[in-house]
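Numbering starts at 1 and runs along the sequence shown.
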Amino acid sequence: MTIFVTGGAGYIGSHTIVELLENGQQVVVLDNLSNSSKEALRRVEVITSKSVTFYQGDVLDPIILNKIFSEHDITSVIHFAGLKSVGESVVQPLRYYENNVTGTVVLCQAMAKANVKNLVFSSSATVYGDPASLPILESFPTDTTNPYGQSKLMVEHVLTDLAASDSSWNIAVLRYFNPVGAHASGTIGEDPNDIPNNLMPFIAQVAVGKRDKLNVFGSDYDTHDGTGVRDYIHVVDLAIGHLKALDKLATNPGLVTYNIGTGVGYSVLDMVKAFEKACGKSIAYQIVDRRPGDIAACYANPKKAKSELGWAAIHTIDDMAQSSWLWQSNNPNGYEG
Ligand code: NAD
Ligand code: WQD
């Protein structure tokens, strides 16, 4: 089986490719390297002792897509390629809609042309907005507050209409909660281009001495310690979820949607403590104002993925912190180092 992975040089893509290769699949990657490095794929090859076929190009380009589908016997596509910064999406909404929404439409057109109709799509828990209750079920109403989230929700609508129009499409929409951690080798991990927006890479950069201190955005939320609570999911568990989703597509389910989370919420300070334990240092932090747009708490009910995919997260918060620290301490400058 050959799996076509868009955005495969990125954080989640590279970890998923390791699992695919170790599971005996062939992998073809398309990535424009706008937020990643080819070095990640080289390291994936070292980890697995297997090779990846790489095309540098854009999902917005139908010519390269048609070429890939004609040159390989592709059975399924995992579509990671997308822009993911909430703040940037507010400033550059058209770029986000073009890349994330148009990019998916162009990809699906090329898939239809090649008669490849199995797709796993990277959606996000951001589509739930500020949920009325917790834990979050897939059936909860969707409601987004920023262009990034809107782009994910728009793609979900596009895919729903596509599956309704043609029953030969099989599509798994995976709504990731908060992916963190790194491969146990410490050789691949999250490598933000700039100042990290997300909590775990920021903590890791404080631990390694690249940043002075963490700003904790708010300590007056209605949570166990006042700081924001999220469902952090180890990236290797998340990666394995994609393999389970591919198995599901083989049963012709039409469009299916799953929460990919642990079901457990941890606060910002819980994550700081876990990281301190992993790295053996204290993490300097200060409490600052809430970040606009943040919600108090968000965690999944992941039972649907367990019963229908046979998937559940197994890594603990300590695994998340330890692997993140191993990656960061071995690669203080990410792939550039
Ligand atoms: P990432 O930025 O590390 O990976 C995305 C990859 O896609 C990068 O390698 C980038 O170069 C590539 N890419 C972007 N636009 C492209 C285009 N037009 N053509 C070809 N390649 C392109 O991000 P990630 O964390 O690995 O996220 C993967 C997917 O999961 C994204 O769609 C993201 O929105 C989604 N997601 C991420 C998170 C998270 O917190 N990391 C949470 C929920 C959903
Ligand atoms: C987690 C918690 C912050 C940074 C975002 C996107 C979401 C998804 C995952 C793609 C919150 C707090 C953070 C910091 C802090 N991405 N925090 N100081 O906001 O849950 O989700 O990434 O789909 O769409 O919105 O993740 O890691 O930014 O924040 O105190 O420097 O950490 O307030 O409580 P978030 P995050």
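- Here salt bridge (Lys or Arg N to Asp or Glu O under 4.0 Å) pairs that include residues 302-326, with residues two or more places apart or in two chains, are Lys277-Asp318.
- Between Gln328 atom CD and Ser323 atom OG the span is 11.5 Å, to the nearest 0.5 Å.
- The NZ atom of Lys50 sits 10.5 Å away from atom CG of Leu20, with the distance rounded to the nearest 0.5 Å.
- Chaining together hydrophobic side chains whose heavy atoms lie under 4.5 Å apart leaves Val90 on its own.
- The shortest distance between side-chain heavy atoms of Ile295 and Pro131 falls below 4.5 Å.
- Remark: the backbone N or O of Val173 is not paired with any side-chain donor or acceptor of Ser123 at under 3.5 angstrom.
- Between Cys108 and Leu119 there is a side-chain heavy-atom pair separated by less than 4.5 Å.
- Of all the heavy atoms in Ala81 and Val59, the pair that sits closest is CB-CG1, 4.0 Å.
- A donor-acceptor pair under 3.5 Å is formed between the side chain of Asp231 and the backbone N or O of Ala300.
- Partners of Asp191 according to the side-chain contact (heavy atoms from CB on, under 4.5 Å) rule, which considers only residues two or more places apart in sequence or in another chain, are Trp327, Tyr335.
- Counted within 6.0 Å of NZ on Lys38, heavy atoms from surrounding residues, nucleotides or ligands total 12 or fewer; the atom is thus considered open.
- Note: the hydrophobic cluster containing Ile78 does not contain Leu107 (ILVMFWY, side chain heavy atoms under 4.5 Å, direct or indirect links).
- At distances below 3.5 Å, at least one donor-acceptor pair connects side-chain atoms of His183 with backbone N or O atoms of Ser185.
- Cluster annotation: Leu162 is not connected to Leu60 through the hydrophobic network of ILVMFWY side chains, with a link wherever side-chain heavy atoms come within less than 4.5 Å.
- The backbone N or O of Ser122 lies less than 3.5 Å from a partner atom in the side chain of Lys152, making a donor-acceptor pair.
- In terms of modelled atom types and a separation under 3.5 Å, the side chain of Arg290 and the main chain of Asp220 share a donor-acceptor contact.
- Thr75 places a side-chain N or O within donor-acceptor distance of the main-chain N or O of Thr2, the cut-off being under 3.5 Å.
- By the 4.5 Å heavy-atom criterion applied to side chains, Phe140 and Ser133 are counted as neighbours.
- Contact annotation: the side chain of Asn35 never approaches that of Leu83 to less than 4.5 Å [non-hydrogen atoms, C-beta and beyond].
- Taking Ile, Leu, Val, Met, Phe, Trp and Tyr as members and joining any whose side-chain heavy atoms lie under 4.5 Å apart, directly or through other members, the hydrophobic cluster of Val216 also contains Val180, Ile195, Leu199, Met200, Phe202, Ile203, Val206, Val208, Leu214, Tyr232, Val264, Tyr266, Val268, Leu269, Met271, Val272, Phe275, Ile283, Tyr285, Ile287, Ile317, Met320, Trp325.
- Other members of the hydrophobic cluster containing Phe217, listed by chain and number, are Val288; membership follows side-chain contacts under 4.5 Å among ILVMFWY residues, whether direct or relayed.
- For the 3.5 Å distance criterion, the side chains of Ser124 and Thr126 fail to qualify, holding no donor opposite an acceptor.
- Nearest heavy-atom pair across Ile136 and Cys298 is CD1-SG, 3.9 Å.
- You'll find the side chain of Phe4 stays beyond 4.5 Å of the side chain of Met111, heavy atoms only.
- Side chain of Ser219 to main chain of Thr227: no donor-acceptor pair is present (N/O by atom type, distance under 3.5 Å, no hydrogens or angles).
- Ile3 and Leu30 sit in two unconnected hydrophobic clusters of ILVMFWY residues. Membership requires side-chain heavy atoms under 4.5 Å apart, directly or through other members.
- Lys213 places no side-chain N or O within 3.5 Å of a backbone atom of Gln286 that could act as its donor or acceptor partner.
- We find the CG-CG distance between Asp130 and Asp143 to be 8.5 Å, quoted to the nearest 0.5 Å.
- There is a side-chain donor-acceptor pair under 3.5 Å between Tyr96 and Glu88.
- With sequence neighbours excluded, the residues forming a side-chain contact (heavy atoms from CB on, under 4.5 Å) with Asp237 are Ile233, His234, Trp311, Ala313, Ile314, His315, listed by chain and number.
- Using a 4.0 Å cut-off between charged side-chain N and carboxylate O, Glu39 and Arg42 make a salt bridge.
- Both Leu174 and Ile240 sit in one connected hydrophobic cluster of ILVMFWY residues. Membership requires side-chain heavy atoms under 4.5 Å apart, directly or through other members.
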Atom pairs and distances, side-chain donor-acceptor, residues 241-250, under 3.5 Å, sequence neighbours left out:
unit_1 : atom_1 : unit_2 : atom_2 : d
His242 : ND1    : Leu238 : O      : 2.8
His242 : NE2    : Tyr176 : OH     : 2.7

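- Put simply, the side chain of Asn66 gets close to the backbone of Pro62: a donor and an acceptor are under 3.5 Å apart.
- Judged by distance alone, with hydrogens and angles left aside, the side-chain atoms of Glu45 form a donor-acceptor pair with the main-chain N or O of Val52 at under 3.5 Å.
- Summarising the geometry, atom CG belonging to Asn32 is positioned 4.5 Å from atom CG belonging to Asp58; distances are rounded to the nearest 0.5 Å.
- In this structure, the side chains of Phe69 and Asn115 stay at 4.5 Å or more apart for every pair of heavy atoms.
- Heavy atoms only, all atoms of each residue included: Ile188 and Ala40 are closest at CG2-O, 3.9 Å.
- Asn99 pairs by the side-chain hydrogen bond (donor to acceptor under 3.5 Å, both in side chains) definition with nothing, not counting sequence neighbours.
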Check the pair Asn331, Arg43 against side chain to side chain donor-acceptor pair (under 3.5 Å), reporting the backbone distance first and the verdict last.
CA-CA 12 Å; Asn331 305 272; Arg43 296 189 187 187; 2.8 Å; yes
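- The nearest pair of heavy atoms linking Asn301 to Asn259 is O-ND2, 3.3 Å.
- Applying the side-chain hydrogen bond (donor to acceptor under 3.5 Å, both in side chains) test to Asp166 and every residue at least two apart in sequence or in another chain returns Lys117, Ser168.
- Contact check for Phe177 versus Thr262: no side-chain heavy atoms found under the 4.5 Å cut-off.
- For the pair His224 and Ser267, the minimum side-chain heavy-atom distance is below 4.5 Å.
- Hydrophobic clustering, with ILVMFWY side chains joined whenever heavy atoms are under 4.5 angstrom apart, keeps Leu255 apart from Leu309.
- Applying the side-chain contact (heavy atoms from CB on, under 4.5 Å) criterion to Val155, with sequence neighbours excluded, gives Val101, Thr104, Phe121, Leu159.
- With a 6.0 Å radius and a threshold of 12 heavy atoms from other residues, nucleotides or ligands, Asn333 has its CG atom above the threshold.
- Looking only at atom types and distance, the side chain of Asp31 has no donor-acceptor partner in the side chain of Gln56 under 3.5 Å away.
- Here the CG-CD1 distance, from Asn118 to Ile74, works out to 12.0 Å after rounding to the nearest 0.5 Å.
- Among all heavy-atom pairs drawn from Ile12 and Val235, the shortest one is CA-CG2, 4.2 Å.
- Once rounded to the nearest 0.5 Å, the distance linking CG of Leu326 with SG of Cys279 reads 12.5 Å.
- Note on residues 59-84: pairs passing salt bridge (Lys or Arg N to Asp or Glu O under 4.0 Å), not counting sequence neighbours, are Lys67-Glu71, Lys84-Glu190.
- Nearest heavy-atom pair, Leu65 versus Ala110, reported as atom, atom and distance to 0.1 Å: CB-CB, 3.7 Å.
- Within the structure, every pair that satisfies the salt bridge (Lys or Arg N to Asp or Glu O under 4.0 Å) test and touches residues 292-302, not counting sequence neighbours, is listed here: Arg291-Asp294.
- The local environment of CD in Glu19 is crowded, with over 12 non-hydrogen atoms from other residues, nucleotides or ligands closer than 6.0 Å.
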